[in-house]
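Read the numbers this way: they start at 1 and go in the same order the structure lists the ligands and their atoms. Keep in mind that this is a model prediction, so the values were computed, not measured.
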Amino acid sequence: MNKRNIYILVFIVSVIGLVIIQYRYLRIGLNLANVRFSQNIGNSVKTIQEDLSSNNELTFLMGKALTNDDTYFETNLDSVKKASSNFLYDFLEFKLLEKGIKTDFSYKLFTKNSSLFLNSANFNDQEIKSKRYPVQLIGYLPNLVQDDVVLELQFNRINEYFLIQLNGLTIPSLIFLFDIVAVVIWVLHSFYWQQSVITMTNDFINNLTHELKTPVFSIGLATKILEQKSNEESKEYLEIIRTQNDRLKEHIDKVLQLASLDKKNTLKLIKTDFSPHLKRLCKEFELIARMEEVDFNFEIKDEQFLLKCDSLHLANAINNLLDNAKKFGSKNLKISLLGFVKKDQLHVVVSDNGIGIEKKDQKNIFKKHYRVIQGDSYTVKGYGLGLSYVKKIINLHKGKIDLDSQINMGTKITVKLPIVN
Ligand code: ADP
């Protein structure tokens, strides 16, 4: 499975996990709401029992309705029943509200032998999902009817009520969850879209660079042939063509080296004594330095530098450091290279007394395409690829790079690579 699919899988699993957790929290919330509701009902029941135990206007009217006694009133029995049913409803509503219960309810008042009966207008005995709380009444009413009197409170759609109470938690968490999903999808989409654009651009640059190799090679060959037949006057121009062509070839090689590394991201590491490779590249650089009147000296301790390395890439990387020391030099430029073993590590130290690098640029110069601007422009031509290549190579060798530089004083770059025993 590739990285992209792993990320997507992790994301989907995380979102499902979050949804399950949210659902569990919701269940816990509902249970807690249920417990609190029962506690509140318990408290209300006590006061309802108390208030309905004495003879007062309400219990008197209820008593008359229960016992079907309309002798006391001038109206008929139906009106008495209706009035007492409504007054009892209002009384219960008030008592429930007192304890913070504000939901639809209905009630039924009945005697044990069920012969006497009173209920609220919205009472439905068939409602199965409702929550019921029977309250055994004491005092006046049971005494009046000479039987047990039970007031049954019935709450319909109670889960909806709890959910509405929990909406302060559930709706924001659903919104946030939705936001997270939307943002992650957007980020993943942009990331992979950018990746594909970068890959396309890199492929294009690499193909183009590759195509440039043949004409550069032909120009090089033609220049060599012309140089053999040239006179003094044309020699100077041919020299310019050759040096510029060599520079172009170097750039092409750098781009292609980086591209191949980007694609494979691995090197063929072989146990090698790197000492002769280091000496050879120093000797080659000494020749170039002499031609360009740059003071270069090197000191390589006379011992084996056994490394697990890709000697070609490693030599290229160190060459890049020497090239930079020369490119970003100043008048009376002095460059040096030291190679020695310390604490099971090969240290290659490249120093120069050139223009140096400012502190703010130091952390960036190893990034791809980063170049330091001096004044309004770049002082030396380049593409900012050299040091990113060096860093990549040293990382692939499990090595380290230290940078020590001061503006106008010079730069010292130390490469440390593990020695194999
Ligand atoms: P390039 O050489 O193409 O500019 P590099 O990646 O090799 O790219 O270097 C990045 C930047 O780091 C350079 O543009 C330069 O400003 C700075 N730099 C690198 N080496 C040195 C050095 N020895 N002295 C001063 N500046 C340096």
Pull out every atom of ligand 1 sitting under 4.0 Å from any heavy atom of [X], numbered as shown with elements.
X	value
K327	1 (P), 2 (O), 3 (O)
G386	5 (P), 6 (O), 7 (O), 8 (O)
V372	14 (O), 16 (O)
D352	23 (N)

Could you check which of [options] puts a non-hydrogen atom nearest to [atom]?
atom	options	result
atom 1 (P) of ligand 1	G384, G354, G410	G384
atom 19 (C) of ligand 1	N324, V390, L322, L321	N324
atom 4 (O) of ligand 1	K412, Q362, R371	R371

Where does [X] meet ligand 1, judged by heavy-atom distances below 4.0 Å: at the side chain, the backbone, both, or neither?
X	value
T411	side chain
D323	neither
L387	both
F366	neither

Is the number of heavy atoms from other residues, nucleotides or ligands under 6.0 Å of [X] [atom1] greater than 12?
X	atom1	value
K249	NZ	no
D90	CG	yes
E292	CD	yes
Y370	OH	yes

Can you confirm, on distance only, whether ligand 1 has an N/O atom lying under 3.5 Å from any N/O atom belonging to [X]?
X	answer
Y370	no
S388	no
I355	no

> When the ring planes of F105 and Y89 are compared, do they come out parallel, tilted or perpendicular, using 30° and 60° as the limits?
Replying inline: parallel

>> Just to verify, what does L338 make a side-chain contact (heavy atoms from CB on, under 4.5 Å) with, not counting sequence neighbours?
In response: E299, F340, V349

> L248: what forms a side-chain contact (heavy atoms from CB on, under 4.5 Å) with it, not counting sequence neighbours?
Replying inline: V216, I252

> If you measure from each heavy atom of G356 to ligand 1, is any distance below 4.0 Å?
Replying inline: yes

> Would you say the ring centroid of F123 lies under 6.0 angstrom from that of Y107?
Replying inline: no

>> Test ring pair (Phe, Tyr, Trp, His ring centres under 6.0 Å) on F37 and F155; report intermediate values, then the result.
In response: CA-CA 11 Å; F37 183 78; F155 296 91; 5.0 Å; yes

> Is it true that a side-chain atom of Q362 and a backbone atom of S405 form a donor plus acceptor pair closer than 3.5 Å?
Replying inline: yes

